[in-house]
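Not measured: the values here are computed from a predicted model.
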Amino acid sequence: RIKGIMQTPRAEMKLNFERDKLVSKLQQLQSDISVWENNIGFFKLSSSSADTVSGFREKIDSAHERIRALEKKIRMLDDMENAN
C-alpha cells in the first residue's frame with residue numbers, strides 16, 4: 001500500500017495522513033486497554049466472574065498484538081520519511 005502511495009502526487013502528505021491514522025488507532029487501543037484493565041478491577045475473582053475477566057484479558061492481549069503491529073507500521077513510515 002505504501003509503495004502505491006509513494007507513486008501518487010502529494011505522496012508525502014498522504015504518508016503523513018496514513019501515519020496520523022495509525023497513531024490515532026494506537027492511542028485508541030491504549031485507551032481501550034486502560035478501560036478494560038480498570039473494568040477487571042471491579043470484578044472479584046470468583047467462579048461467576050472468571051469468564052468475564054478472561055474475556056477482558058483476551059481483549060487486552062489482542063490489543064497488545066495490534067499495538068505492536070501498528071508501532072511497526074509507524075516505524076516503517078518514519079524510516080521512509082527520514083530516508084527522503
Side-chain angles (χ1 to χ4, degrees):
R1 179 176 180 171
I2 293 174
K3 289 180 184 179
I5 291 174
M6 292 299 292
Q7 298 173 0
T8 63
R10 299 185 306 217
E12 186 175 325
M13 183 181 77
K14 291 178 182 178
L15 286 176
N16 285 335
F17 176 76
E18 186 69 22
R19 185 186 189 286
D20 290 345
K21 192 168 64 169
L22 293 173
V23 168
S24 177
K25 286 181 184 180
L26 179 105
Q27 290 171 338
Q28 181 61 51
L29 282 171
Q30 290 170 332
S31 175
D32 289 346
I33 288 171
S34 293
V35 169
W36 295 328
E37 287 175 340
N38 186 51
N39 288 348
I40 287 173
F42 289 111
F43 294 97
K44 289 189 174 200
L45 289 180
S46 66
S47 59
S48 62
S49 66
D51 289 340
T52 303
V53 170
S54 176
F56 281 123
R57 295 215 183 276
E58 287 176 18
K59 286 182 179 185
I60 291 168
D61 291 343
S62 176
H64 280 296
E65 289 177 27
R66 292 190 312 239
I67 285 173
R68 284 190 289 277
L70 288 169
E71 288 173 337
K72 184 176 179 181
K73 290 176 183 180
I74 291 168
R75 277 193 303 274
M76 278 181 23
L77 290 172
D78 289 346
D79 291 345
M80 290 180 72
E81 185 178 332
N82 292 334
N84 290 334

Peer 1: What distance separates Phe17 CZ from Leu22 CG, expressed to the nearest 0.5 Å?
Peer 2: 10.0 Å

Peer 1: Heavy-atom distance under 4.5 Å between the side chains of Ser24 and Gln28, does that happen here?
Peer 2: no

Peer 1: Please determine whether residues Val23 and Leu29 belong to a single hydrophobic cluster, defined as Ile, Leu, Val, Met, Phe, Trp and Tyr linked transitively by side-chain heavy-atom distances below 4.5 Å.
Peer 2: yes

Peer 1: Within a reach of under 6.0 Å around CD of Glu12, are more than 12 heavy atoms found that belong to other residues, nucleotides or ligands?
Peer 2: no

Peer 1: Only one of Lys72, Lys25, Gln27, Gln30 passes side-chain contact (heavy atoms from CB on, under 4.5 Å) with Ile67; say which it is.
Peer 2: Gln30

Peer 1: For Glu71, is there an ion pair with Arg68 - N to carboxylate O distance below 4.0 angstrom?
Peer 2: no

Peer 1: Give the minimum heavy-atom separation between Arg19 and Ile74, together with the two atoms involved.
Peer 2: NH2-CG2, 3.7 Å

Peer 1: Check whether more than 12 heavy atoms from other residues, nucleotides or ligands sit under 6.0 Å from atom NZ of Lys73, and answer yes or no.
Peer 2: no

Peer 1: When rounded to the nearest 0.5 angstrom, what distance separates OG in Ser54 from CD1 in Ile40?
Peer 2: 9.5 Å

Peer 1: How long is the straight-line distance from CG of Asn16 back to CE of Met13, given to the nearest 0.5 Å?
Peer 2: 9.0 Å

Peer 1: Hydrophobic cluster membership, with links at side-chain heavy-atom distances under 4.5 Å among I/L/V/M/F/W/Y: are Ile33 and Phe43 in one?
Peer 2: yes

